[in-house]
Amino acid sequence: MSLLEQLNQQQLEAVTCVDRHLRIIAGAGSGKTRVVTTRIAYLIEQCHIYPNKILAITFTNKAAREMKERVEGFLGDTAQAVMISTIHSFCVRLLREDILVHGYPRNFTILDADDQRSILRDAYKQLQVDVKTYSYHRVLSYISNNKTNFIDANSALARANYEGERIMANVYAFYEKRLAEMFGLDFDDLLIFTYHILKEHVEVRKKWQRRFAYLHVDEFQDVDMLQYQIIKMLVKEDSYLCVVGDPDQTIYTWRGAQVDIIMNFEKDFPHSHTVILNENYRSTQPILQASNELIKNNRNRIEKELFTRNESDERIVHFTAMDDYNEPIWVAGKILSLHHNGVKYRDIAVLYRSNYLSRGLEKALLDQHIPYRIYGGVRFYDRAEIKDALSYLRLLAPKVEGDDKELFKNLAVKRIINLPKRGIGAKTLETLEQEAAVKDTNMYEILKQGGFGKGKAKESIAKFVEVIEASRSCVDTISIDQLLSKVLEDSGYMEMLRNDAEIERLENLKELISDIANYVENNPDGSLLDYLQEISLYSDKEDLDNGEFVQLMTIHAAKGLEFDRVFVYSLCDGIFPNERSINEGGQQALEEERRLAYVAFTRAKKQLFLSDSYGYSYVLDKLKTTSRFVKEIPQDCLQEVGAKPRNSFASDVDTYQGSGFSSLGNTTDEAIEHTSKKKGKIRKGDLVVHDVFGEGIVIKLEGELAVIAFDKKYGIRKILATHASLHKK
DNA sequence: GCTGATTGTCTTTTT
DNA sequence: GACAATCAGC
């Protein structure tokens with residue numbers, strides 16, 4: 001019984017508890033993936049459960065893949081039949097099979113963030129909404145919040161309290177109408193549709209219930225109500241649900257995650273059993289102690305203390321750089337010296353709170369020739385050239401029964417009709433869209449009928465249609481990768497990139513094409529449609545992480561992963577904990593930020609490095625100080641290295657307003673003229689030199705005053721942009 | 001009517 | 001540093 005040999009008492013209990021619903025509270029690094037994968041193997045090998053009767057829901061595609069690999073390690077090919085996927089992928093699978101009962105065709109389109117914005121753009125135009133007041137981000141989250149709480153556009157409008165809300169409700173209505181017309185589903189819809197189908201169609205629900213005898217849900221602390229309802233409907237009287245989670249690692253409440261669900265599990269599943277795993281096998285004593293002490297500062301929390309037997313006298317290293325230029329340089333230097341001492345790049349990860357922070361890091365790593373790979377950020381399938389290419393493919397997709405109008409093609413047409421430039425601008429596009437609406441068909445159909453557009457546009461449209469149609473006639477005769485090559489070549493898209501020497505984009509397209517070739521090989525029966533459906537859930541290519549790269553990612557993306565050496569970067573108050581988040585969510589948000597820090601720290605197995613920097617932050621619009629999360633770590637776990645501020649009034653400086661200079665100097669046009677002619681007008685972001693204060697950076701312009709961040713001694717000052725003592729560098 | 005250059009605004013976290 | 005709005009020029 002080698003399967004169970006390596007397990008401790010609690011793990012064994014969790015693996016072998018197969019006759020009841022089960023809740024596993026698994027602290028960070030307590031071997032929860034091992035427990036779940038072993039349990040699946042145990043069910044199949046010892047309890048003779050058919051592999052296809054087992055379902056495991058994970059949080060990310062990455063986690064799903066990893067779990068699958070580990071189950072394969074136990075079972076070999078048998079593992080193929082176990083269904084391991086994210087909840088979204090699972091829903092897509094269900095919908096492909098059963099969405100017909102909901103009146104939608106099986107080839108429904110899944111919309112990504114870009115598509116959503118494209119629809120909002122239309123809505124704003126028609127409803128005359130101002131983007132500046134209603135950012136896409138804000139309205140999309142408004143829509144998402146309503147949708148996941150089952151508030152439709154009408155109800156949202158009815159309950160709107162002020163003008164702004166009414167406007168957003170109207171955009172919401174437009175958005176929903178547009179989606180329905182094109183049989184498009186956004187990420188929320190995947191869950192919502194699944195929920196409705198399972199709830200309202202008993203025969204479908206029964207069918208899916210019968211499929212699974214054992215269900216597992218990982219990262220259960222981050223499940224939201226909608227997901228929970230779906231999961232509950234999949235459990236029948238004689239099947240068993242096993243959930244695994246850690247309330248201290250709840251980091252998705254902003255997306256609707258509810259910790260109550262895992263806390264109150266036994267209310268919904270009265271005869272369930274609970275196992276607590278609190279021995280940490282991952283981190284060393286100092287890392288774990290620091291994490292324990294940190295998370296204790298959360299008031300809203302169930303007491304739980306992890307312990308480890310991994311003794312180590314290696315402390316957590318904390319470095320404070322003088323400014324954000326030197327911080328990544330320190331990180332890069334540290335990585336280099338680790339590498340010289342035999343540490344593999346792939347065993348090092350740099351984690352940060354927000355995607356934009358990777359920029360500074362990237363530069364420093366490039367300078368040091370350290371290979372790295374960023375997860376998240378601008379992901380592979382989010383890249384413009386990839387989406388352009390896929391839009392071409394979408395136009396080639398054959399018609400499917402149940403979707404005569406193929407309005408989803410409008411999105412593709414809008415994206416690529418003028419890529420490469422064909423002299424087709426906004427005006428032409430607008431008339432085209434109107435005509436398509438009048439004729440009740442998609443925009444490409446109008447183009448295909450011929451004769452659309454005037455002058456130059458008319459010709460290039462005809463040529464465009466010709467290219468598309470030529471490729472379309474090959475859909476059944478050549479493979480998908482060949483098809484894409486052909487259409488990109490014929491359309492002039494490739495040529496456009498070559499002319500602009502867009503090496504990287506060309507590389508990416510090559511990669512996409514070889515990826516598709518791979519898909520074709522693995523799915524000989526897969527049609528173009530199948531392929532397009534398949535990839536819409538993937539945001540990133542996930543096959544390269546075995547390479548020799550330092551791994552860069554947000555902490556959210558690092559959830560569930562572990563690394564030998566972990567850097568947590570830019571631990572500055574305001575950046576992490578994130579200021580916006582706290583402003584919006586108060587104490588609760590702060591506690592979520594702290595849980596996020598807890599997740600970050602507990603990713604480290606052997607060594608943990610924390611860094612931050614002083615100096616001015618554009619994002620925060622103030623001088624930075626070390627994050628409170630660093631201060632919450634006991635001193636004896638920490639080893640401080642690097643700069644201390646030269647004086648202690650740094651925090652006073654950021655409120656410094658007056659300069660005494662504002663009334664000096666003249667404000668005539670001549671003076672401005674003088675500056676602008678000789679050295680160019682002073683602009684935001686410029687590096688300047690002041691006769692007295694030395695070097696500084698222009699933070700912003702307030703009329704004729706320039707707000708400039710000088711060295712710490714002088715802090716932030718407002719100085720007349722045209723003042724004689726000020727020079728652009 | 002289309003294109004390209006310039007300015008301004010805003011950057012939390014994800015399937 | 002990405003993206004949208006704006007404007008001048010073709």
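So you know, we letter chains A, B, ... as the sequences are listed, proteins then strands, and number each from 1. Owing to the predicted nature of the structure, the values given are computational and were not obtained by experimental measurement. Because only heavy atoms are used, hydrogens play no part in the values below, and waters and symmetry mates are left out as well, while side chains stay in.
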task = Remember a base hit wins even if backbone is also touched, and classify A:Ser135 as base, sugar-phosphate or nothing at under 4.0 Å, heavy atoms.
result =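 A:Ser135: no heavy atom of the nucleic acid under 4.0 Å.
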
key: Sugar-phosphate only, base, or nothing, as touched by A:Asp188 at under 4.0 Å among non-hydrogen atoms   =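 No contact.
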
Just N and O in the side chain of [X]: are any of them under 4.0 Å from OP1 or OP2 of [N]?
X	N	value
A:Asn578	B:dT11	no
A:Arg580	B:dT12	yes
A:Thr554	B:dT14	yes
A:Asn61	B:dT14	no
A:Asn355	B:dT13	yes

request  = Kindly say whether the aromatic ring centers of A:Tyr252 and A:Phe59 come within a distance under 6.0 Å.
outcome  =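 Here the rings of A:Phe59 and A:Tyr252 have centres that are less than 6.0 Å from each other.
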
Closest-nucleotide 5' rank along DNA chain B - winner of A:Leu429 and A:Glu593 =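 That would be A:Leu429.
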
Gap between atoms [atom1] and [atom2], on [X] and [N] respectively (whole Å):
X	N	atom1	atom2	answer
A:Leu140	B:dT12	CG	C1'	15 Å
A:Tyr569	B:dT12	OH	C1'	16 Å
A:Asn583	B:dT12	CG	C1'	13 Å
A:Arg138	B:dC10	CZ	C1'	14 Å
A:His137	B:dT14	NE2	C1'	11 Å
A:His556	B:dT14	NE2	C1'	8 Å
A:Ile374	B:dT14	CD1	P	13 Å
A:Ile424	B:dC2	CD1	P	9 Å

request  = State the OG1-CD1 distance between A:Thr194 and A:Ile230, to the nearest 0.5 angstrom.
outcome  =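 Interatomic distance, A:Thr194 OG1 to A:Ile230 CD1, rounded to 0.5 Å: 5.0 Å.
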
inquiry  = Once rounded to the nearest 0.5 Å, what's the spacing between atom CD of A:Gln588 and atom CD of A:Glu593?
reply    =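 Those atoms lie 13.0 Å apart.
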
ask   = Residues two or more places apart in sequence or in another chain: which of them pass side chain to side chain donor-acceptor pair (under 3.5 Å) with A:Thr33?
value =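 If we apply the side chain to side chain donor-acceptor pair (under 3.5 Å) test to A:Thr33, skipping adjacent residues, there are no hits.
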
Give me, pair by pair, the N or O atoms of the protein and of nucleotides 4-10 of chain C that are less than 3.5 Å apart, along with how far apart they are.
unit_1: C:dA4; atom_1: OP1; unit_2: A:Arg121; atom_2: NH1; d: 2.9

Given [options], the nucleotide with the shortest approach to the side chain of [X]:
X	options	result
A:Thr428	B:dC2, B:dT13, B:dT15	B:dC2
A:Lys421	B:dT3, B:dT12, B:dT11	B:dT3
A:His88	B:dT13, B:dT15, C:dG1	B:dT15

message = Can you say whether a donor on the side chain of A:Arg255 sits under 3.5 Å from an acceptor on the base of B:dT14, or the other way round?
response =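 Checked by distance alone, the answer is yes.
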
inquiry  = For B:dT13, is there a stacking contact with A:Trp254, counting only centres under 5.5 Å and planes under 30°?
reply    =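 Yes; centroid distance and tilt both under limits.
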
request  = Flag as yes if A:Tyr356 stacks onto the base of B:dT11 (centroids under 5.5 Å, planes under 30°), otherwise no.
outcome  =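 The base of B:dT11 is not stacked with A:Tyr356 (the test needs centres under 5.5 Å and planes under 30°).
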
inquiry  = In terms of relative ring orientation, are A:Tyr195 and A:Phe150 parallel, tilted or perpendicular, with 30° and 60° separating the classes?
reply    =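 It falls in the tilted class, 30° to 60°.
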
ask   = Could you give all pairs that pass the ring pair (Phe, Tyr, Trp, His ring centres under 6.0 Å) test and reach residues 110-145 of chain A, with sequence neighbours left out?
value =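 Every pair satisfying ring pair (Phe, Tyr, Trp, His ring centres under 6.0 Å) with a residue in residues 110-145 of chain A: A:Tyr124-A:Tyr136.
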
key: A:Lys32 and A:Asp218 ion-paired at < 4.0 Å   =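 Yes, this pair counts.
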
request  = Would you verify whether the NZ or CZ of A:Arg96 falls within 45 degrees of the ring axis of A:Phe108 while also being under 6.0 Å from that six-membered ring's centre?
outcome  =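 Yes.
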
